[in-house]
4 protein chains.
Amino acid sequence: MTPRPTTTPDHLRDAVPGHLRDAVAAARQDVTTLHGELLRWGLVAWTAGNVSARVRDPRGEGDLAVIKPSGLAYDDLTPDSMVVLDLDGNVLEGTLSPSSDTGSHLYVYRNLPDVGGVVHTHSPYATAWAARREPVPCVLTAIADEFGGEIPVGPFALIGNESIGAGIVDTLTGHRSPAVLMASHGVFTIGATAKAAVKAAVMCEDAARAVHLARQLGPVEPLRDEDIDILYTRYQNVYGQH
Amino acid sequence: MTPRPTTTPDHLRDAVPGHLRDAVAAARQDVTTLHGELLRWGLVAWTAGNVSARVRDPRGEGDLAVIKPSGLAYDDLTPDSMVVLDLDGNVLEGTLSPSSDTGSHLYVYRNLPDVGGVVHTHSPYATAWAARREPVPCVLTAIADEFGGEIPVGPFALIGNESIGAGIVDTLTGHRSPAVLMASHGVFTIGATAKAAVKAAVMCEDAARAVHLARQLGPVEPLRDEDIDILYTRYQNVYGQH
Amino acid sequence: MTPRPTTTPDHLRDAVPGHLRDAVAAARQDVTTLHGELLRWGLVAWTAGNVSARVRDPRGEGDLAVIKPSGLAYDDLTPDSMVVLDLDGNVLEGTLSPSSDTGSHLYVYRNLPDVGGVVHTHSPYATAWAARREPVPCVLTAIADEFGGEIPVGPFALIGNESIGAGIVDTLTGHRSPAVLMASHGVFTIGATAKAAVKAAVMCEDAARAVHLARQLGPVEPLRDEDIDILYTRYQNVYGQH
Amino acid sequence: MTPRPTTTPDHLRDAVPGHLRDAVAAARQDVTTLHGELLRWGLVAWTAGNVSARVRDPRGEGDLAVIKPSGLAYDDLTPDSMVVLDLDGNVLEGTLSPSSDTGSHLYVYRNLPDVGGVVHTHSPYATAWAARREPVPCVLTAIADEFGGEIPVGPFALIGNESIGAGIVDTLTGHRSPAVLMASHGVFTIGATAKAAVKAAVMCEDAARAVHLARQLGPVEPLRDEDIDILYTRYQNVYGQH
């Protein structure tokens with residue numbers, strides 16, 4: 001079971017290794033800024049959504065994660081208010097309790113080494129699909145681009161042990177989608193960076209909304225698998241700046 | 001019947017007891033700021049929504065309430081424009097008429113001693129459920145967290161006497177939910193503080209919207225009672241900063 | 001037929017009588033500010049919506065109207081860019097062409113002497129009811145408060161002659177509602193002031209949206225006529241500051 | 001096939017002819033500002049939408065186009081970050097890769113000489129109609145004004161060759177509408193200027209939303225063809241400042 005982060009003994013705090021200090025400082029800033037993007041794109045109500053970033057340890061002594069404190073208003077977030085933990089959940093820096101979803105974020109980092117950022121939201125349209133436990137079908141080119149197929153549904157899992165983390169990892173392993181709709185709950189997204197995970201959360205809600213609206217007035221024709229493959233491959237390789 | 005606040009004799013104004021002056025000043029500021037949150041989260045149109053805060057009297061001589069003046073634009077609200085009343089509806093400070101919903105707020109304070117804040121909105125999705133007189137079912141973990149079950153419906157009641165207040169108190173007594181959908185009307189929420197009541201109003205609209213969207217495209221599976229209990233208990237005790 | 005305002009001869013411009021100059025200046029400012037409210041409350045796309053104000057002539061020599069120029073972006077509106085006309089459509093001040101809806105606004109001022117402000121929008125939910133040519137039923141207390149019954153539908157009418165104006169006046173005469181849903185077109189609202197007409201436009205969209213959302217998931221119980229009467233009478237007399 | 005812009009040899013960069021420098025600078029500014037309008041009117045998520053402007057060469061030696069770089073955040077766009085290409089896709093100025101939709105924009109410019117601006121979005125309601133491959137019917141006067149009839153659907157086409165561009169041109173040729181709903185994809189709009197194309201994109205989403213909402217609760221009566229003709233002709237000639 002994931003250790004309860006809030007029971008970390010005081011002697012472990014302020015324990016970020018010197019060679020990771022700059023990377024942690026940069027991640028604190030990134031994660032603060034990216035929570036503003038959750039708000040801006042309408043993905044969160046009140047304090048219900050969080051972003052974390054992995055800080056890779058080039059010496060291989062153990063990666064860290066930077067995450068939002070629990071229940072703080074987005075306006076009140078600052079780089080200094082963020083919580084820094086090791087991937088076992090020990091708090092290394094921070095006086096506030098970390099997000100109650102921290103255990104799920106850390107499980108993802110421990111089990112998916114390529115993931116550099118995790119985002120959790122209850123964004124409304126995606127959560128509606130999650131409530132029905134129905135994947136968002138790949139009926140638009142933008143969904144093929146970003147998700148390479150449908151946006152899948154993960155299991156129903158209670159918070160407080162590893163079951164949410166395991167549900168995320170099991171569902172996304174071997175799947176192109178960086179987003180999973182956790183049944184009766186909400187969205188988790190992953191990315192090579194925290195920014196990429198936030199982008200996936202924005203695009204997941206955008207896809208969920210467009211297909212919701214389309215389906216309200218009639219059936220929608222799915223894309224062909226070969227077209228999805230062409231679109232996904234092209235987008236992952238050509239889009240953006242390289 | 002609740003006294004008409006606007007008929008308070010002039011000699012009662014500026015009558016806040018000295019030992020409550022600081023608490024009243026703080027409440028004026030809080031209530032002003034929190035009205036901005038109603039606007040920010042899309043819960044109100046024009047001037048249709050209000051927040052109040054109880055000011056507790058540690059001497060037990062009688063609590064007070066601070067509430068928005070009637071019909072004022074949210075942009076024009078200032079701490080000084082707020083109205084201070086005793087719980088019988090006598091205006092102690094303020095030159096403007098208090099919100100036309102004041103009687104309902106005061107009834108709640110008189111009858112639910114633990115309540116420190118009350119919010120009223122016509123937020124659109126919650127009001128849609130209220131119009132159908134249908135509770136929002138507990139089909140998402142966030143609803144179990146915040147409301148501990150469905151968001152209940154209160155009776156249809158006309159403004160101007162105690163029937164709205166009584167409908168709120170009767171519905172919420174013995175219920176975990178801090179929100180009630182008043183039939184054919186809108187939402188009232190309560191909290192230990194005015195901020196907590198505003199949070200409940202934000203989360204009520206968020207829940208009402210997500211379930212609305214979910215139900216538009218198919219049936220939604222309810223959570224099991226034992227899972228709701230686990231989620232509610234955990235959230236009330238672990239979430240946020242302690 | 002309403003004279004084409006844009007054909008006003010030059011010698012009529014800058015022809016506001018001296019005793020109305022201050023009132024015209026105040027109306028220019030009001031109308032500019034109120035267009036910002038259309039934007040803020042989501043009632044308009046691009047430039048599709050307009051507000052006008054009547055300037056009453058205390059000497060009885062002829063009221064004036066101040067209205068938005070046609071096709072100007074809301075950000076570019078200033079008091080100086082507004083167009084001042086007499087109620088026959090002669091431009092007295094202004095170098096820009098007035099709103100293409102000017103003829104309808106002026107028809108209302110000529111035929112409803114109590115009206116001091118007119119607003120036109122294509123706000124989305126209200127326009128949806130207008131497209132179906134279906135009144136918004138009075139199923140919420142807020143609708144009883146503001147509209148005193150259903151929000152009625154006016155006839156289909158083409159722009160360019162008096163038929164829109166006549167449709168507005170015919171529908172609203174003898175009706176409590178300050179808003180009319182013009183068939184297959186959009187919303188016109190009236191008020192004692194331009195601000196009151198803007199409030200009616202905001203509340204019309206709010207009502208149209210709430211009832212739309214309610215009806216999407218099931219039938220909605222109408223309010224009883226006697227309750228509507230009580231609510232409407234109370235709201236018109238008690239709400240706000242007097 | 002459209003040349004891959006990113007393979008432009010370095011010696012072609014900074015190759016804007018001297019007599020077009022001022023017009024290119026103005027277009028860089030316009031296109032930057034207009035991307036802000038996509039954001040403001042809710043037409044885009046993250047970076048998924050783009051605006052381009054044609055720069056006409058009065059000497060007839062070859063028009064240019066100014067377009068957004070691929071994958072850049074809207075907040076980070078500046079006039080200097082824009083990419084300038086000739087209509088065959090050779091980059092003349094710019095260090096960033098142009099939008100991945102550049103080929104489609106250029107195809108439109110090459111084949112529709114009157115077009116001065118092109119916009120592409122996945123705006124949610126319009127994309128919902130595109131997903132169903134269903135035109136937006138002309139049931140509102142505003143749709144007759146702007147589109148002169150229904151908003152048509154173009155073919156399904158994959159990005160990367162000329163098929164999207166050809167689908168846009170084939171669908172809009174001989175059609176009054178400046179907007180086309182590309183099947184299972186999104187919206188392309190054209191205009192005499194980039195600003196006109198942005199306006200068409202805003203109005204297309206507004207129309208798509210209003211008709212979506214109308215149709216959700218019942219059937220909608222179409223306008224008569226003769227009324228559409230009257231409205232379209234009048235709006236194109238009378239609306240705005242001339």
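These numbers come from a predicted model, not from an experiment. Below, chain A is the first sequence line, B the second, and so on; all start at residue 1.
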Problem set entry | Rounded distance (nearest 0.5 Å) linking atom CD of A:Glu134 with atom CH2 of A:Trp129 |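 Reported to 0.5 Å precision, the distance equals 4.5 Å.
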Just by distance, do the side chain of [X] and the backbone of [Y] share a donor-acceptor pair under 3.5 Å?
| X | Y | answer |
| --- | --- | --- |
| B:Asp206 | B:Val202 | no |
| B:Ser81 | B:Leu77 | no |
| B:Arg28 | B:Met82 | yes |
| A:Asp101 | A:Ser104 | no |
| A:Glu93 | A:Val83 | no |
| A:Glu150 | A:Val136 | no |
| B:Thr189 | B:Ala197 | yes |

Interface residues of [range] facing chain A - heavy atom cut-off under 4.5 Å:
| range | value |
| --- | --- |
| residues 168-176 of chain B | none |
| residues 35-51 of chain B | B:Glu37, B:Arg40, B:Trp41 |
| residues 225-232 of chain B | B:Asp227, B:Ile230, B:Leu231 |

Considering only heavy atoms and a distance below 4.5 Å, find which of [options] pairs most often with chain B.
| options | result |
| --- | --- |
| A:Gly186, A:Ser184, A:Ala131 | A:Ser184 |
| A:Arg132, A:His185, A:Met182, A:Arg133 | A:Arg132 |
| A:Ser100, A:Pro124, A:Pro69 | A:Pro124 |
| A:Ile159, A:Leu72, A:Thr127 | A:Ile159 |

Distance-only check: which donor-acceptor pairs under 3.5 Å involve side-chain atoms of residues 137-149 of chain A, not counting sequence neighbours?
from: A:Glu146; atom 1: OE2; to: A:Lys199; atom 2: NZ; distance (Å): 3.3
from: A:Glu146; atom 1: OE2; to: A:Tyr235; atom 2: OH; distance (Å): 2.5

For this session: Kindly give the heavy-atom pair with the smallest separation between A:Val115 and A:Tyr109, and that separation in Å.
Result: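 Looking at all heavy atoms of both residues, the shortest contact is O-CD2, 3.6 Å.
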Problem set entry | Closest non-hydrogen atom pair, B:Leu181 against B:Pro135 |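 Answer, listing the atom of B:Leu181 first, then B:Pro135: CD1-CA, 4.4 Å.
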Exercise. Is there side-chain contact between A:His122 and A:Val187, with at least one heavy-atom pair below 4.5 Å?
Worked result: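 No, their side chains stay 4.5 Å or more apart.
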Problem set entry | Sub-4.5 Å side-chain heavy-atom contact between B:Pro98 and B:Leu85 | yes
For this session: Kindly assign one of parallel, tilted or perpendicular to the pair A:Phe188 and A:His120, based on the angle between their ring planes and the thresholds 30° and 60°.
Result: parallel
For this session: Inspect the surroundings of CG in A:Asp76 and state if more than 12 heavy atoms from other residues, nucleotides or ligands are less than 6.0 Å away.
Result: yes
Exercise. Quick one: what part of B:Gln216 sits under 4.5 Å from any heavy atom of chain A, side chain, backbone, both or neither?
Worked result: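 Side chain only.
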